[in-house]
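Note sheet for the following structure.
Since the model is a prediction, treat every value here as computed from it, not as a measurement. Just so we're on the same page: letters track the sequence lines, and every chain starts at 1.
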Amino acid sequence: MIINLEINHIKSSYEVAPGDSLLKVLRSNGFFGTKFGGCKSGECGACTVLMDGKPVNSCSILAAMAEGHSIETIEGIGEHPEQGWKKTRGISNLQKEFINSGAIQCGYCTPAMILAAKSLLDKEKRPSEEQIRDSISGVLCRCTGYLKPVQAIEAASGVKDICYKPAIFSSIEGKSFERIGKEDPKVDAFKLVQGKAAFTDDFEMREMLYAKVLHSPIAHGLIKNIDVEAAKNLPGVRAVLTYKDLPRVAYSSAGQSDPIPGPLDMFSLDQKVRFVGDRVAFVAADTEEIAEQALKLIKVEYEELPTLFDSEKAMQPGAPILHDEPEYMNFGDSDPKKNLAAAIRIDIGDVDKGFQEADEIFENVFEVPKVQQCHIEPHVALSYWDENDRMVIRTSTQVPFHARRILAPVLGLPVKRIRVIKPRIGGGFGGKQEVLIEDVVAHLTIATGKPVRYEYTREEEFIAARSRHPMKIWMKTGVKKDGTITANEMKALTDTGAYGCHALTVTGNTGHKAMALYVGDGKYRKSPNIRFYADIVYTNHPPAGAYRGYGVPQGYWAVERQMEIIAKKLNLDPIEFRLKNALRPGELHPFSTAWSEGREPRPETVHLIELEKCVEHGRKAINWDQKFGNPTWHTIPGKPHLRKGIGVALVMQGTAIPYLDMGGASIKLNDDGSFNLLIGATDLGTGSDTVLGQMAAEILGVPLEDIIVYSSDTDFTPFDKGAYASSTTYISGGAVTKAAKMAADRIKIRAAEMLSTEKFAVTPEEITLKHSKAYAKDGRSVTLQEVALSTLHHRDQEQIMGIGSFMSPASPPPFAAQFAEITLDIETGKLIVDKLVMAVDAGVVVNPLTASGQIEGGMIQALGYAVCEEMKYNNKGEAREKDLKDYHIFRSDEVPQLETIFVEAFEPSHPFGIKAVAEIPMDGVAPAVANAIADACGAQLYQNPATPERIWRALNNIE
Amino acid sequence: MIKAYYRPKSIDEALKLLEYKTNIPIGGGTSLSQIKRDVSVVDLQNLSLNSIQEENEIIRIGSTTTLESMLIYFDQSKDIKEAIKIEASRNQREQITIAGLVCASGGRSALLTLLLAINPIMKWQPGNVEIPLGEYLAQKNYWKKGILITDFVFEKTVKIRFESIGRSPYDIPILCIAAVKWSSNRLRITAGGFGDLPTLVMDGNINDNLELAIENSLLAASDEWASAEYRIAAGKKIVSRIKNEFE
Ligand code: FES
Ligand code: FES
């Protein structure tokens with residue numbers, strides 16, 4: 001049918017099918033700013049457009065329904081102010097404030113947020129914060145925690161003068177930087193705020209096919225028979241692949257360095273299915289609808305096998321065995337005959353003696369759930385053969401280089417015939433540290449010779465993607481009456497699901513980070529007694545994998561609940577008790593002698609620890625001293641069923657994996673004095689392109705806008721291990737620093753020559769680079785443009801460039817104090833979290849905007865872990881949560897007050913003194929909230945999230 | 001699969017279209033991807049059924065009135081506002097209509113629970129049928145397809161209380177209780193957050209044994225989200241608070 005639509009005030013006719021959504025019509029006509037979050041019934045709002053000025057989800061409106069209405073998309077809101085000789089009206093005020101405030105992280109939700117905010121500001125000139133929060137409540141953002149978007153809208157409306165800079169308490173003296181420490185807008189903000197076609201799916205090719213995957217409806221079984229004839233014969237179907245069609249190559253989808261520290265236990269397609277959602281067949285067709293129809297025509301006969309859902313039964317004799325395939329490749333202690341994907345046994349000091357020396361022993365059992373990363377952009381990949389018959393895979397990945405290496409044997413191609421391109425990513429949080437769907441498109445491209453695109457639906461994200469590992473954790477702690485910890489033991493049982501992706505390393509970090517913080521006091525400091533044992537077992541649940549925090553939030557739930565219980569029982573101040581036993585500067589990281597992600601451990605001293613200052617500033621911000629232990633504050637007049645509570649958790653993370661993680665960078669000077677910075681590092685919305693650009697700009701003495709950052713293309717950029725383990729700013733930053741220094745040194749040599757006269761010789765050492773010039777000591781200067789023109793065109797021509805790579809022997813941990821304030825209904829268990837404060841010791845803050853954005857967004861993700869997020873399964877292994885309705889992530893209008901404080905100090909192991917911030921906010925929110933619940937009413941929770949029923953049961957001592 | 005799209009200009013035209021079994025009304029929260037069979041859709045947006053009017057003691061809400069319009073209209077009622085906000089975010093409120101909500105949502109719906117307590121009169125064509133919402137819901141599967149809901153008529157002078165327990169402020173309720181009190185002391189209480197449809201807890205008098213009523217209503221209210229034991233305990237506390245507030 002032909003419909004007439006008015007889009008951005010332009011009326012045009014469009015040919016559509018009656019069932020086409022408005023989203024589909026917009027995107028197929030180039031309005032790529034309208035994004036898709038994989039929803040079935042309009043939960044995420046990424047597809048927001050304005051219809052007659054009101055925000056609506058274009059995925060759940062038929063295009064035909066929009067006829068007669070005025071549609072506005074982000075493309076109509078603003079554009080680049082200079083397009084060559086054509087001057088435009090530029091971007092809107094709202095867009096400018098989104099850039100200035102740091103409201104854009106991955107940017108996937110940004111067009112939607114801006115449109116929703118515009119709708120409000122068009123009718124309400126001076127809106128309240130409540131109105132602002134309500135106006136964007138239809139747009140879920142997994143990155144920002146909503147604070148900065150709200151501030152941006154407030155600023156755009158002129159309601160408030162907003163200071164975007166977070167509180168920074170710095171002890172750095174005598175170092176002054178031009179760009180480091182500045183709130184430079186993100187280098188990609190301008191394109192993201194305009195909704196430019198920057199993401200994987202914003203790219204279409206001629207004759208592109210659409211892939212769909214048939215997922216297993218049963219949790220464990222053998223495919224006895226699979227009949228694909230009817231599917232193949234459906235017009236428009238170009239390929240149907242089953243396990244019979246593909247070579248059997250065992251691999252791990254975990255995007256990690258070589259050798260992957262885990263078993264190789266999966267195949268692109270297998271005859272056996274091991275969870276509801278496992279892969280059964282791949283289809284490529286001319287349209288998504290045809291591909292979906294084809295899935296329904298595939299007839300599969302399964303032989304159902306006994307299922308295993310209880311991790312405690314996994315290693316018992318007679319348990320169903322998930323992996324009996326002969327190709328299974330062990331790693332470390334994995335043993336498929338016992339359903340054991342990995343095992344860890346770490347003893348530091350003499351733990352049993354430590355327990356004997358204790359006055360009291362505390363033993364508790366804790367449990368943490370499976371949770372989902374919920375990046376708003378689903379997994380999406382597109383593959384094609386290029387003109388040289390090389391496989392190009394454009395994919396939303398955190399690990400392009402690992403993806404290339406892992407895919408090569410799976411596809412039967414050498415590494416050199418694969419190119420992986422990572423465009424902008426709409427959030428990852430570890431979920432895209434997995435080679436999850438790239439093999440699907442590539443196999444189908446091999447089968448058909450055509451470009452193939454595959455995007456997960458939100459339901460597939462829940463049933464077939466990775467998640468945080470659920471664990472059962474047994475804690476045993478020996479303590480003296482004065483609060484000295486004499487020994488601390490954690491035993492963890494991890495459910496890795498059907499495949500062992502990240503099995504060893506995630507759980508290893510549970511102990512490595514969470515059990516390293518409290519070493520004990522007195523003689524125990526020198527020689528702490530710590531035990532960490534873990535079994536990571538297979539079950540017929542969907543596989544777990546990497547998720548921001550990487551095992552550490554699980555550990556801190558147990559450790560920080562345990563500390564709280566001990567402090568309460570021994571009548572100790574919970575903060576003093578913690579600080580008394582916490583690691584101090586100059587002490588050895590206790591695990592550094594015992595474990596290193598399945599590789600050889602090497603002792604590491606932790607030099608910079610500002611935990612006490614974090615506590616000091618955090619407790620002030622939340623007003624701890626007026627609230628904790630104050631009975632009047634805990635009650636609310638006129639509301640006898642409500643109680644207030646306040647809680648704390650101290651945490652440490654890591655910064656990269658020492659002696660392993662490596663990143664590379666190259667930089668070259670252009671004719672106009674600007675630079676191309678090429679990095680393998682993967683910005684998944686965190687702002688790493690920006691902070692790496694800032695480091696280069698600092699050394700080269702130019703504004704950030706003169707650094708053109710291009711990242712993550714395996715053909716064009718140097719290697720980088722990818723975005724995980726809180727390593728990019730530190731590791732890739734080290735590489736950028738080296739590369740920029742090399743280029744700077746060369747510029748200084750050439751500038752010195754240019755500034756030397758017969759009488760006055762200038763040496764390169766005398767040259768300083770700033771304000772895009774090279775200055776001699778006497779104040780004379782040449783611009784970098786002049787240096788560039790001279791070196792590229794005029795004299796002794798050369799390309800000035802630098803290269804660098806960085807691998808660190810250190811992994812300096814960031815530390816933080818996290819606080820929560822809550823209001824609890826003690827009759828029903830209904831919980832409201834009122835405020836979260838985080839004071840973090842992250843070394844030098846390269847960009848306060850991006851860094852505080854990481855903290856705020858991380859806190860709200862962690863709040864989900866604390867109160868509402870969990871994935872549950874019935875006794876057939878079917879998921880309870882398949883969309884963002886049942887799996888609730890926080891909306892803008894229900895988040896608590898957030899406060900971020902940086903305690904800044906110089907980390908000596910890095911040229912710019914930095915540590916990581918990206919993961920640490922995930923660690924302490926859940927225990928701090930639970931500790932606040934205990935403070936409010938005495939109820940001790942052993943399992944998160946703190947749902948109303950769990951709180952009510954704890955309050956009433958009901959099992 | 002949607003095979004055809006119609007946008008009738010009059011109620012008569014719409015009714016004619018809806019006579020066909022394969023034609024379904026659209027708008028108001030229909031999930032496009034959940035339409036699995038081959039159908040034609042009838043878009044009701046041109047029927048002028050989207051107004052809210054006050055007439056003496058009643059409020060007449062047109063069937064295609066969006067939840068956003070209701071939120072604006074009921075701006076002074078914090079309980080109605082809360083139920084609407086729990087039901088839907090800003091964007092969804094622009095799309096979901098009151099009739100769409102009544103037809104498509106189930107027992108976990110906060111707003112449907114509240115509407116069941118208010119128990120407005122639903123009107124539909126053909127046949128000028130007028131029926132309380134509670135009666136409609138009780139026999140939902142009985143009503144023949146092809147009807148066109150036109151209005152919901154609310155009484156103005158009732159007192160309304162609504163309380164919801166979720167895992168976060170605007171989460172789908174695990175348990176929600178709505179209560180409406182008339183000046184005659186008639187009290188109607190409903191419970192939601194579970195089951196296929198919200199439950200009528202009681203339609204009686206404020207002096208009735210509310211705790212017993214809620215206990216009886218929630219005895220079988222166990223599901224994967226919460227146990228009946230918990231729902232009963234929490235429900236009793238909420239109804240006793242509501243009673244105190246009404247007294
Ligand atoms: S709401 Fe439309 S894609 Fe999520
Ligand atoms: S910035 Fe909002 S989803 Fe990433």
Side-chain angles (χ1 to χ4, degrees), chain A residues 1 17-21 39-43 45 48 51 54-57 59-62 64-65 67-68 112 116 119 134-140 289 641 825 827-833 863-864 867-869 872 874 880 885-886 888 890-891 893-894 945-949 952-953 956 958, chain B residues 1-7 26-27 29-36 38-41 43 45-46 66 68 71 81 85-86 88-96 104 108 163-175 223-227 229-231 233-238 240-241:
Chain A
M1 61 191 281
D20 282 349
S21 69
C39 306
K40 263 192 180 159
S41 41
E43 303 101 53
T48 301
M51 189 150 124
K54 295 169 181 170
V56 293
N57 294 330
C59 72
S60 38
I61 288 181
L62 294 176
M65 294 167 79
E67 191 165 27
S119 166
D134 179 63
S135 73
I136 55 170
S137 67
V139 184
L140 294 177
E289 293 75 17
H641 59 286
D825 183 333
E827 293 181 342
T828 65
K830 180 175 171 174
L831 171 73
I832 303 291
V833 177
L863 182 61
V867 303
C868 58
E869 294 183 30
K872 291 191 136 192
N874 65 14
R880 182 180 74 168
K885 266 188 195 161
D886 284 337
H888 185 77
F890 270 78
R891 278 171 25 184
D893 52 351
E894 54 173 357
T947 60
E949 180 162 356
W952 173 81
R953 287 188 180 278
N956 296 287
I958 300 170
Chain B
M1 184 93 166
I2 296 172
K3 296 283 183 198
Y5 169 86
Y6 303 107
R7 195 188 289 187
I26 191 154
T30 318
S31 170
L32 298 181
S33 56
Q34 262 145 37
I35 300 173
K36 296 286 179 218
D38 284 352
V39 293
S40 299
V41 294
D43 181 351
Q45 65 171 288
N46 280 1
T66 62
E68 179 65 11
L71 186 91
K81 270 177 76 175
K85 283 196 173 189
I86 290 172
S89 65
R90 175 72 180 86
N91 295 11
Q92 293 163 335
R93 296 199 304 261
E94 287 292 356
Q95 291 169 254
I96 302 175
R108 294 173 70 202
E163 195 160 330
S164 174
I165 301 172
R167 298 163 297 180
S168 76
Y170 294 141
D171 183 22
I172 297 177
I174 291 164
L175 174 69
D223 60 17
E224 68 266 47
W225 301 99
S227 67
E229 182 191 17
Y230 166 69
R231 286 191 171 113
K236 281 181 174 179
K237 296 291 182 192
I238 295 173
S240 88
R241 279 185 220 160

query = Which answer fits A/Glu67, side chain, backbone, both or neither, if we ask what part of it has an atom under 4.5 Å from a heavy atom of chain B?
reply = both
ask   = Short question: side chain of A/Ser137, backbone of B/Arg90 - any donor-acceptor pair under 3.5 Å?
value = yes
query = Can you name the residues that form a side chain to side chain contact (heavy atoms under 4.5 Å, CB included) with A/Ala17, not counting sequence neighbours?
reply = A/Asp20
inquiry  = Using modelled atom types and a 3.5 Å cut-off, is there a donor and acceptor pairing between side-chain atoms of A/Asn57 and backbone atoms of A/Gly42?
reply    = yes
note = Turns out that what part of B/Ala226 lies under 4.5 Å from chain A's heavy atoms comes down to both
query = What distance separates A/Ser21 OG from A/Ile61 CD1, expressed to the nearest 0.5 Å?
reply = 9.5 Å
request  = Go through the atoms of B/Ile238 and report whether side chain, backbone, both or neither lie under 4.5 Å from a heavy atom of chain A.
outcome  = side chain
ask   = If you tally heavy-atom pairs under 4.5 Å against chain B, which of A/Asp825, A/Thr947, A/Asn874 wins?
value = A/Asp825
task = Please report the closest heavy-atom contact between B/Ile96 and B/Ala88, naming both atoms and the distance.
result = CD1-CB, 4.1 Å
request  = Tell me, for A/Asn956 versus chain B, whether the close heavy atoms (under 4.5 Å) come from the side chain, the backbone, both or neither.
outcome  = neither
Segment of B/Ile174 engaging chain A (4.5 angstrom heavy-atom cut-off) = side chain
query = Given the options A/Lys885, A/Met51, A/Lys872, A/Glu289, which has more heavy-atom pairs under 4.5 Å with chain B than any of the others?
reply = A/Lys885
task = To the nearest 0.5 Å, tell me how far A/Leu863 CG sits from A/Cys868 SG.
result = 6.5 Å
ask   = For the atom pair CE (A/Met65) and CD (B/Gln95), what is the distance rounded to the nearest 0.5 Å?
value = 8.0 Å
inquiry  = Out of B/Asn46, B/Val41, B/Asp43, return the one with the most heavy atom pairs under 4.5 angstrom to chain A.
reply    = B/Asp43
message = Need one label for A/Asp886: side chain, backbone, both or neither, based on atoms under 4.5 Å from any heavy atom in chain B.
response = both
query = Is any NZ, NE, NH1 or NH2 atom of the basic residue among B/Lys85 and A/Asp134 found under 4.0 Å from an Asp or Glu carboxylate oxygen of the other?
reply = yes
request  = Using non-hydrogen atoms and a 4.5 Å limit, figure out which bit of B/Asp171 sits close to chain A: side chain, backbone, both or neither.
outcome  = both
ask   = Relative to chain A, which segment of B/Val39 carries a heavy atom at a distance below 4.5 Å: side chain, backbone, both, or neither?
value = neither
request  = Look at A/Lys54, A/Arg891, A/Glu869, A/Lys830 and state which one has the largest set of heavy-atom pairs under 4.5 Å with chain B.
outcome  = A/Arg891
key: Main-chain N/O of A/His641 paired with B/Arg241 side-chain donor or acceptor, under 3.5 Å   = no
remark   = Most heavy-atom pairs under 4.5 Å with chain B, out of A/Gly138, A/Ser119, A/Ala116, belong to A/Gly138
key: Separation between NZ of B/Lys237 and CG of B/Leu175, rounded to the nearest 0.5 Å   = 14.0 Å
task = Counting only heavy atoms closer than 4.5 Å, note whether A/Met1 contacts chain B via side chain, backbone, both or neither.
result = side chain
task = Give, as side chain, backbone, both or neither, the part of B/Gln45 having an atom under 4.5 angstrom from any heavy atom of chain A.
result = side chain
message = Given 3.5 Å as the limit, does a donor-acceptor pair link the side chain of B/Gln92 with the main chain of B/Ser89, or not?
response = yes
ask   = Quick one: what part of A/Leu140 sits under 4.5 Å from any heavy atom of chain B, side chain, backbone, both or neither?
value = neither
ask   = Are A/Arg880 and B/Trp225 in a cation-pi contact, defined as NZ or CZ under 6.0 Å from the six-membered ring centre and within 45° of the axis?
value = yes
note = Bottom line for B/Ser40: the part with an atom under 4.5 Å from chain A's heavy atoms is neither
ask   = Which one, B/Met1, B/Arg231, B/Glu229, leads in non-hydrogen pairs under 4.5 Å with chain A?
value = B/Glu229
query = If you tally heavy-atom pairs under 4.5 Å against chain A, which of B/Gly235, B/Ser164, B/Ala234, B/Ser227 wins?
reply = B/Ser227
